[in-house]
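Notes to accompany the following structure.
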Amino acid sequence: MDDKQVGPPEIIAIASVAVFFIATFLPWFTVSVGGDSSGILSGEDFPSANGWDAGFLWSGLPLLLGFALLALLLLPKVAPDVTLPDLPPFLPVAIAGFAAFLVLVKLLIGADVEGAGAAEAFGLSIDVSRSFGIFLAFLATLGMVAAGFLSMQASGKPLGGSSGSTPPQPF
């Protein structure tokens, strides 16, 4: 395949970053209130938190890392006159892996509700649960990792980043 042609790693990266961008606007967490004997809160629709409500660290930074991955993979294809320095071949995997790590941490720790202790004093229980958006965002970051891995395999360079040196001689 021609080096200037967009291949599977780039296509997977474009699709994964696009899906992640859309997932940041979907609900990541939903709120429900239980223990309401008066019925006042039973019909209430509580807002859900999307990725941007969760915080920049959990959605904005992984999105920026996804854009960096796209730039790293697409720049040699769309601008052949630009020469990048000799970067290690594992760099796309590391960038995408850090984005996936951030979203996984948020998926595992969940979200906290301020004032939940005050609600418990009145016999209410506030429950924050994960919604489909954070799962879709995590799957998108795994797609970024797959694109980085495929790019690393396609580079054909050794993991050290050098493109051809003699191995050290034994003593």
Side-chain angles (χ1 to χ4, degrees), residues 1-30 47-112 128-171:
M1 183 162 67
D2 185 21
D3 283 346
K4 305 304 175 199
Q5 192 174 15
V6 176
E10 294 82 11
I11 294 170
I12 293 171
I14 292 169
S16 297
V17 172
V19 168
F20 184 82
F21 178 71
I22 292 169
T24 61
F25 295 104
L26 297 175
W28 281 25
F29 299 100
T30 56
S48 58
N50 63 20
W52 298 108
D53 295 329
F56 179 78
L57 179 66
W58 311 114
S59 62
L61 186 58
L63 184 62
L64 289 177
L65 290 169
F67 289 149
L69 175 69
L70 286 178
L72 191 63
L73 295 180
L74 291 177
L75 195 60
K77 308 288 183 185
V78 298
D81 298 338
V82 176
T83 57
L84 293 174
D86 192 24
L87 300 171
F90 62 83
L91 188 61
V93 177
I95 289 171
F98 187 58
F101 172 74
L102 289 173
V103 176
L104 177 65
V105 167
K106 187 60 178 174
L107 180 65
L108 293 176
I109 65 173
D112 193 18
V128 179
S129 58
R130 293 155 187 85
S131 191
F132 65 95
I134 194 166
F135 294 106
L136 183 62
F138 181 63
L139 289 175
T141 59
L142 291 181
M144 290 183 217
V145 171
F149 181 74
L150 289 174
S151 171
M152 182 179 71
Q153 279 189 328
S155 73
K157 293 189 220 174
L159 285 180
S162 62
S163 58
S165 63
T166 59
Q169 300 296 325
F171 293 110

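For Phe67, there are no ring-ring contact (aromatic ring centres under 6.0 Å, His included) partners two or more places apart in sequence or in a different chain. Among residues two or more places apart in sequence or in another chain, the side-chain hydrogen bond (donor to acceptor under 3.5 Å, both in side chains) test is passed with Ser129 by Thr30.
Scanning both residues, Gly148 and Pro92, for their nearest heavy atoms gives CA-CB, 3.7 Å. Residues Ala111 and Lys106 come closest through the heavy atom pair CA-NZ, 4.3 Å. In this structure, Ala100 and Val145 approach most closely via the heavy-atom pair CB-CG2, 4.0 Å. Ser155 approaches Met152 most closely through the heavy-atom pair OG-O, 2.8 Å. Between Glu10 and Lys77, the shortest heavy-atom contact is OE2-CE, 3.1 Å. Of all heavy-atom pairs between Gly66 and Met144, the closest is CA-SD, 3.8 Å.
Counting only heavy atoms from C-beta outward, the side chains of Pro85 and Leu87 approach each other to under 4.5 Å. Taking the side chain as every heavy atom from C-beta outward, Thr141 and Leu104 never approach each other to under 4.5 Å. For the pair Leu91 and Ile95, the minimum side-chain heavy-atom distance is below 4.5 Å. Under the 4.5 Å side-chain criterion, counting only non-hydrogen atoms from C-beta, Leu26 is in contact with Phe132. Ile134 is not listed as a side-chain neighbour of Phe138, based on a closest heavy-atom distance of 4.5 Å or more. Contact check for Arg130 versus Trp28: no side-chain heavy atoms found under the 4.5 Å cut-off.
The residue from Val93, Leu72, Leu73 that alone fulfils the side chain to side chain contact (heavy atoms under 4.5 Å, CB included) condition with Ser151 is Leu73.
Rounded to the nearest 0.5 Å, atoms CG (Asp53) and OG (Ser48) are 8.0 Å apart. For the atom pair CG (Leu64) and CG (Leu69), the distance works out to 12.5 Å, reported to the nearest 0.5 Å.
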Side-chain donor-acceptor pairs under 3.5 Å in residues 17-25, sequence neighbours left out?
unit_1	atom_1	unit_2	atom_2	d
Thr24	OG1	Phe21	O	2.6
Thr24	OG1	Trp52	NE1	3.0

